Student: 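Dropping a structure here in structure tokens format, bear with me for questions.
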Amino acid sequence: MIIDKKKIVLVGTGMVGMSFAYAALNESLCNELVLIDIDKKRAMGEAMDLNHGLAFAGSNMKIYQGEYADCNDADICVLCAGVNQQVGETRLALLNRNVDVFRSIVEPIVKSGFKGIFIIATNPVDIMTRVCYELSGFDARHVLGTGTTLDTARLKYIVGDYFSVDPRNVHGYVIGEHGDSEFVPWSQTMIATKSVLSICEQSGGEACFKELERIADDVLHSAAKIIEAKKATYYGIGMAIIRIVKAILNNENSILTVSSRMDNQYGETGVFAGMPCVINGNGVERIIDLDLTSEEVAKFKHSCSILNEYFDGIKI
Ligand code: NAD
């Protein structure tokens with residue numbers, strides 16, 4: 001009899017981490033879920049609360065407040081620990097505070113003998129993913145950030161709403177930094193297999209193109225609007241992490257816009273940025289190079305230059 005046990009360690013049991021954990025319980029995502037937080041009492045309370053839902057869950061799961069030594073035989077470590085974005089604060093301003101947090105987390109995880117895959121959600125996520133890559137010394141394929149997965153989901157939702165189609169039939173991506181320099185390569189955005197640019201040309205004309213600008217703007221400012229209304233965003237990102245974990249644990253070869261280490265994409269190497277990637281049990285199997293227009297390539301390179309600039313300012 002082969003028992004394929006799946007173990008996930010979550011570090012950071014705040015709003016984002018627990019939105020992921022709650023969804024993980026409801027989706028019977030794994031057999032063992034370990035919760036770690038600097039605030040051990042909080043992690044313990046969260047574990048108790050989730051355990052009290054087990055009787056109503058789809059399958060049994062071992063859930064407990066743990067220690068870094070528990071990462072030893074984990075398949076995936078999800079890092080959501082960090083300081084949250086304040087009203088009006090940019091993600092990049094969070095950087096230096098969160099680098100110190102990561103130092104105290106990544107080193108004991110590596111010391112535990114962990115050999116699995118890191119998924120990072122902490123902001124600024126592209127830089128924190130690169131920090132985790134540097135601190136861990138892991139293969140780049142095994143260190144990935146949530147990148148622009150959530151932004152891409154927002155794009156699909158808003159485009160679907162405008163053109164009155166199911167967001168799952170919108171095919172397109174937000175790429176680059178998860179932040180102010182992210183952008184929508186409209187030349188690569190389709191409804192079914194029809195480009196939205198040709199739909200606009202054939203139907204709405206100027207008004208339709210104006211709507212695309214409005215949509216890209218709405219995607220970019222979604223997080224700030226939610227933070228202004230309810231102080232933080234967490235359900236959407238919790239589900240984005242679930243989606244990435246499923247692609248890894250089920251060896252799906254799914255394409256998701258995670259943040260991964262560029263390897264000569266449009267001449268960029270070393271920087272971590274959101275691009276469509278094939279995700280499977282190996283982590284990032286490969287990056288899909290899109291046929292961007294020269295204007296879109298310039299936007300991507302601009303985004304990478306911002307990410308490089310901030311990363312270069314950190315002492316690791
Ligand atoms: P939160 O404040 O609710 O939770 C953060 C948790 O991290 C707290 O429980 C805290 O005790 C813990 N923590 C802090 N320092 C720690 C340490 N050294 N070791 C272990 N645990 C530590 O914040 P949140 O709303 O859950 O957000 C978490 C992170 O996720 C933030 O950086 C936020 O900006 C980011 N975020 C990312 C996305 C995305 O798309 N990638 C979306 C939303 C939020």
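One-based numbering, in listed order, for ligands and for the atoms of each. Sequence positions, counted from 1, serve as the residue numbers for this chain. Keep in mind the model is a prediction, meaning the values are calculated, not measured.
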Student: Answer yes or no: is there an ion pair linking E211 with R214, defined by an N-O contact shorter than 4.0 Å?
Tutor: yes
Student: Can you tell me if the gamma sulfurs of C71 and C77 fall under 2.5 Å?
Tutor: no
Student: Are any of the N/O atoms in I38 less than 3.5 Å from those in ligand 1?
Tutor: yes
Student: For ligand 1, which atoms have a heavy atom of S104 less than 4.0 angstrom away?
Tutor: 18 (N)
Student: Examine the proximity of ligand 1 to T146 and report which part, side chain or backbone, both or neither, has a heavy atom under 4.0 Å away.
Tutor: side chain
Student: In this structure, is the centre-to-centre distance between the rings of Y133 and F272 below 6.0 Å?
Tutor: yes
Student: Using a 3.5 Å cut-off on N or O atoms only, is N123 in polar contact with ligand 1?
Tutor: yes
Student: Less than 3.5 Å between some nitrogen or oxygen of A121 and one of ligand 1, yes or no?
Tutor: yes
Student: Report yes or no: does a heavy atom of V83 sit under 4.0 Å from some atom of ligand 1?
Tutor: yes
Student: Check D39 with K41, please: is the shortest side-chain N to carboxylate O separation under 4.0 Å?
Tutor: no
Student: Using distance alone, decide if ligand 1 has a nitrogen or oxygen within less than 3.5 Å of any nitrogen or oxygen in V16.
Tutor: yes
Student: For M15 and ligand 1, does the shortest N/O to N/O distance drop below 3.5 Å?
Tutor: yes
Student: Transitive ILVMFWY cluster of V159 at side-chain heavy atoms under 4.5 Å: who else is in it?
Tutor: L155, Y157, I158, Y162, F163, V165, V170, V174, V184, W186, I191, V196, L197, I199, F209, L212, I215, V219
Student: Is it true that K6 and E32 make a salt bridge, defined as a side-chain N closer than 4.0 Å to a carboxylate O?
Tutor: no
Student: Pick whichever of G238, G82, G14, S19 has a heavy atom sitting closest to atom 7 (O) of ligand 1.
Tutor: G82
Student: Which atoms from ligand 1 have a heavy atom of R42 less than 4.0 Å away?
Tutor: 8 (C), 9 (O)
Student: Going by side-chain heavy atoms closer than 4.5 Å, which hydrophobic residues are tied to M239, directly or by a chain of links?
Tutor: none
Student: For C80, take its heavy atoms, then give the atoms of ligand 1 lying under 4.0 Å from any of them.
Tutor: 28 (C), 29 (C)
Student: Side chains of K194 and Q202: is there a donor and an acceptor less than 3.5 Å apart?
Tutor: yes
Student: Does only the side chain of M18 get under 4.0 Å from ligand 1, or the backbone, or both, or neither? Count heavy atoms.
Tutor: neither
Student: One thing to verify: whether E27 and R243 come together as a salt bridge, which I'm taking to mean a side-chain N less than 4.0 angstrom from a carboxylate O.
Tutor: no
Student: Pairs of nitrogen or oxygen atoms closer than 3.5 Å, one from T122 and one from ligand 1: do any exist?
Tutor: no
Student: So which bit of T233 gets within less than 4.0 Å of ligand 1, heavy atoms only: side chain, backbone, both or neither?
Tutor: both
